[in-house]
Amino acid sequence: MGDDSGLGSDNIDWNTDDELEIEGFHSSCSTVSNAHTITAGSVEARSFAGPSNTKVFDNFISMGFPAEVVSKVIQEYGEENKDKLLEEILTYTALESSSQQQQQQVEPDPTSSEYAGSSWDDLSDDDAFSDDEMPKSGDDDTLLALVKMGFKEQEALVAIERLGQDASLDDLVDFIGVAQLVKAEDSLLPPEDKPQSSGHSKLKKRSLYEYEVLGKKRPKVIEKRGVCEEDDEAQALNLPNPMVGFGIPTEPSSLVTHRRLPENAIGPPYFYYENVALAPKGVWQTISRFLYDVEPEYVDSKYFCAAARKRGYIHNLPISNRFPLLPLPPRTIHDAFPLLRRWWPSWDPRTNLNCLQTVHGSARLTDRIRKAVESCEHLEEPTDVVKKYVLDQCRKWNLVWVGKNKVAPLEPDEVEMLLGFPRNHTRGGGISRTDRFKSLGNSFQVDTVAYHLSVLKEMYPDGVNLLSLFSGIGGAEVALHRLGIPLKTVVSVEKSEVNRNIVRSWWEQTNQKGNLIDMDDVQQLDSDRLEQLMSIYGGFDLIVGGSPCNNLAGSNRVSRNGLEGSESSLFYDYFRILDLVKAMAPRFR
DNA sequence: CCCACGATGACCGTCACG
DNA sequence: CGTGACGGTCATCGTGGG
């Protein structure tokens, strides 16, 4: 009897309108017997589709899915995760004609390997990495060695930064030792007292490790809430709520117009650094300490455009008399894409898009969603399960409604518009669609950056010399250009060749009068090269950079290593170059 | 009022494969 | 070049207890 269940159920028309019973009728005899018939006497399915599962089961049945598929999937995955269920049901439905392979569930065996080998415990509770896990680069080895010696990672990092990558281990240990001494004495020793060890003598006037040491977390002090007293110490960098930094164009109220910058942060030259706001803990503290203890300005670009983009900015620009690019971009999905309103279901409450990322939803995904919505077409509106599935996917992949029951990812030119770039900025010239998404996903939101940079306009009516590190597709350049700030000389460092081509192409199309010098590696920018450039073109007025976020971003499941990751550690090059330019600036004024 | 706690949701991504 | 598989870290918010 159970054998022909598949055939039997296939012949039943599940979409007859009498299936639309109200849930209150579940207890009725007819419904129950129906369910039994549906499962065609399959013992497992019947036992599974017992009283507690009737609702879930009926839910899917009322969506029009074949009962056999529903019961099979429920049996396999349980009923808790409805998203997974629907996914699987959709997959099965799509592969209807093909043969269904049965996967046997792996039962977790509590007695399998728990007490067999006790050595596993040692690995799990020790945070020290085994050597073969970290075969990376030389400086990582040094860092690892220091950490293994019992030093804090931050201390080790600062030491390496200060003494150079090639410093001997002994020197580094000495350095950290002195730093700890300073900390212990709680003194304010001037940096000249630190050991001028052999090797790299490019030590700066400033005492970085002093910040490092003194900036450490203090013994827990009883904190008074409510009163906003002036703290002499940089406490935990709290994200503002709402995330509007020092103000946004549309909310001029409650804006902070003045701030006190640390002495050695004051420009010129001005600098502007950007990265993801939601980095792993401690990352922004470290970044801030290196960038002269300037407090980050956290801004969500959803206050500038229709898509969210939570970013932290550290800069030494004035913050009064900012002005936005005009016209102000639309700040809701409907205003940005008025043509889509027609297709937008009333049960999709989104008004803002989530962060524009480097990846986008696939065509297959949008097809699955269409099927899911269509399966509920006989209803007033989709069931809660379908709604949740569709909305979750739409939020996850930033999908928009482009037709009846049809969702789609944004097109690259739509992303360009949202980010404030000219249309077709990234188009053509041999750039693939995938690369466009990637380049755009890594970019600035131009209106946000322009708002911050707008204060430069009256300061530099004749234009600026710009040093643009990790330029990407030229967000800073476009922002300054749209602000009407002439670009005299732009030195642009960008690894990706397609991105350099995009900036070069934009540069020529906009008839720039200045010079664009590009290079592909920040390592090329040493003091000699900077000296050469600045002697030819003059000093830099502005140093912009958004260093790679690969190892900081939450989407990264593979290598979210923090600031020491292979890409994100390029932040230290931003600091290195900025510090060089600052030191050289007085001679080129 | 304050705090602890759990639930919820977002996230400039990487990799292997065909 | 498109596609899917691949979790975890945090911030925020609501809630229940003190």
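Throughout, protein chains are lettered first and strands after them, A, B, ... in sequence-line order, and every chain is numbered starting at 1.
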Can you measure Leu391(A) atom CG to dG9(B) atom P for me and round it to whole angstrom units?
10 Å

Check every strand shown and say whether Lys438(A) touches a base, only sugar-phosphate, or nothing at a heavy-atom separation below 4.0 Å.
nothing

NA contact type, Asn550(A), heavy-atom cut-off 4.0 Å: base, sugar-phosphate, or nothing?
sugar-phosphate

What is the distance, rounded to the nearest whole Å, between atom NZ of Lys396(A) and atom P of dC12(B)?
15 Å

Main-chain N/O of Glu567(A) paired with Asn550(A) side-chain donor or acceptor, under 3.5 Å
no

Taking atom P of dC12(B) as reference, at what distance in whole Å does atom OH of Tyr273(A) sit?
13 Å

Using a cut-off of 4.0 Å on non-hydrogen atoms, how would the nucleic acid contact of Ser547(A) be classed: base, sugar-phosphate, or nothing?
base

Could you state the interatomic distance from CG (Leu456(A)) to CG (Leu453(A)), rounded to the nearest 0.5 Å?
6.0 Å

In whole angstroms, how far is the P atom of dG9(B) from the CG atom of Asp392(A)?
7 Å

Using a cut-off of 4.0 Å on non-hydrogen atoms, how would the nucleic acid contact of Arg364(A) be classed: base, sugar-phosphate, or nothing?
sugar-phosphate

Does Arg395(A) reach a base, just sugar-phosphate, or nothing at all? Heavy atoms under 4.0 Å.
sugar-phosphate

Sugar-phosphate, base or nothing in reach of Cys549(A), heavy atoms under 4.0 Å:
base

Gap in Å between the two C1' atoms, one belonging to dG9(B) and one to dG7(C), rounded
14 Å

Can you run through DNA chain B from 5' to 3' and write each base as (, ), [, ], | or . depending on how it pairs? Watson-Crick or G-U wobble, both distances under 3.5 Å.
|||||||||||.||||||

Give the first and the last nucleotide of DNA chain C, reading 5' to 3', that has any atom under 4.0 Å from a heavy atom of chain A.
dC1(C) to dC13(C)

Using ring pair (Phe, Tyr, Trp, His ring centres under 6.0 Å) as the criterion, point out the one residue from Phe571(A), Tyr313(A), Phe575(A) that pairs with Tyr273(A).
Phe571(A)

Could you tell me whether Phe290(A) and Tyr572(A) have their ring centroids closer than 6.0 angstrom?
yes

Rounded off to whole Å, could you give me the CG-to-P distance for the Leu552(A) and dC12(B) pair?
9 Å

Which nucleotide, dC11(B), dT14(B), dG9(B), lies nearest any side-chain atom of Ser559(A)?
dT14(B)

Indicate the ring-plane relationship of Tyr272(A) and His452(A), choosing parallel, tilted or perpendicular according to the 30° and 60° boundaries.
tilted

Which is true for Asn241(A) with a 4.0 Å heavy-atom rule: it touches a base, it touches only sugar-phosphate, or it touches nothing?
sugar-phosphate

pair Leu480(A)-Leu542(A): side-chain heavy atoms closer than 4.5 Å:
yes

When you measure from the side chain of Gln445(A) to the backbone of Thr448(A), do you find a donor-acceptor pair of N or O atoms at a distance under 3.5 Å?
yes

With nearest nucleotide decided by heavy atoms, which residue, Asn556(A) or Arg433(A), maps closer to the 5′ end of DNA chain C?
Arg433(A)

By nearest heavy atom, map Ala308(A) and Val359(A) onto DNA chain B; which one lands nearer the 5' end?
Ala308(A)

Please report the interatomic distance CG(Leu328(A)) to OH(Tyr451(A)), rounded to the nearest 0.5 Å.
10.0 Å

Reckon Arg309(A) has a side-chain N or O less than 4.0 Å from the OP1 or OP2 of dC12(B)?
no

Inter-residue atom distance Asn442(A).CG - Asn499(A).CG, 0.5 Å rounding:
8.0 Å

Quick one: does any side-chain atom of Glu416(A) pair with a main-chain N or O of Asn424(A) as donor and acceptor, under 3.5 Å?
yes

Students often get this wrong, so: under 4.0 angstrom with heavy atoms, is Ala363(A) touching a base, only sugar-phosphate, or nothing?
sugar-phosphate

Using nucleotides 16-18 of chain B, report all nitrogen or oxygen pairs with the protein that are shorter than 3.5 Å.
none

For Glu274(A), report the nucleic acid contact type (base, sugar-phosphate, nothing); a contact means any heavy atom under 4.0 Å.
base

Expressed as a whole number of angstroms, how long is the span from Lys388(A):NZ to dG9(B):C1'?
9 Å

Check the distance between dC12(B)'s P and Met243(A)'s CE and give it to me in whole angstrom.
10 Å

Looking at Tyr298(A) versus Trp284(A), is the centre-to-centre ring distance below 6.0 Å?
yes

Under the 3.5 Å rule, do the base of dC12(B) and the side chain of Glu567(A) count as making a donor-acceptor pair?
no

Separation of the C1' atoms in dC6(C) and dC11(B), to the nearest angstrom
15 Å

First locate atom CG of Asp435(A), then atom OG1 of Thr426(A), and finally report the distance between them rounded to the nearest 0.5 Å.
10.0 Å

Gap between atom CD1 of Ile248(A) and atom OH of Tyr303(A) - 0.5 Å precision:
6.5 Å

Can you name the one residue among Trp343(A), Trp401(A), Trp344(A) that meets ring pair (Phe, Tyr, Trp, His ring centres under 6.0 Å) with His334(A)?
Trp344(A)

Without decimals, in angstroms, what is the distance between Trp397(A) CH2 and dC11(B) P?
13 Å

With sugar-phosphate meaning primed atoms plus P, OP1 and OP2, does Leu278(A) contact a base, only sugar-phosphate, or nothing at under 4.0 Å between heavy atoms?
nothing

Pick the nucleotide of DNA chain C nearest each of Gly554(A) and Pro280(A); which residue has the one closer to the 5' end?
Gly554(A)

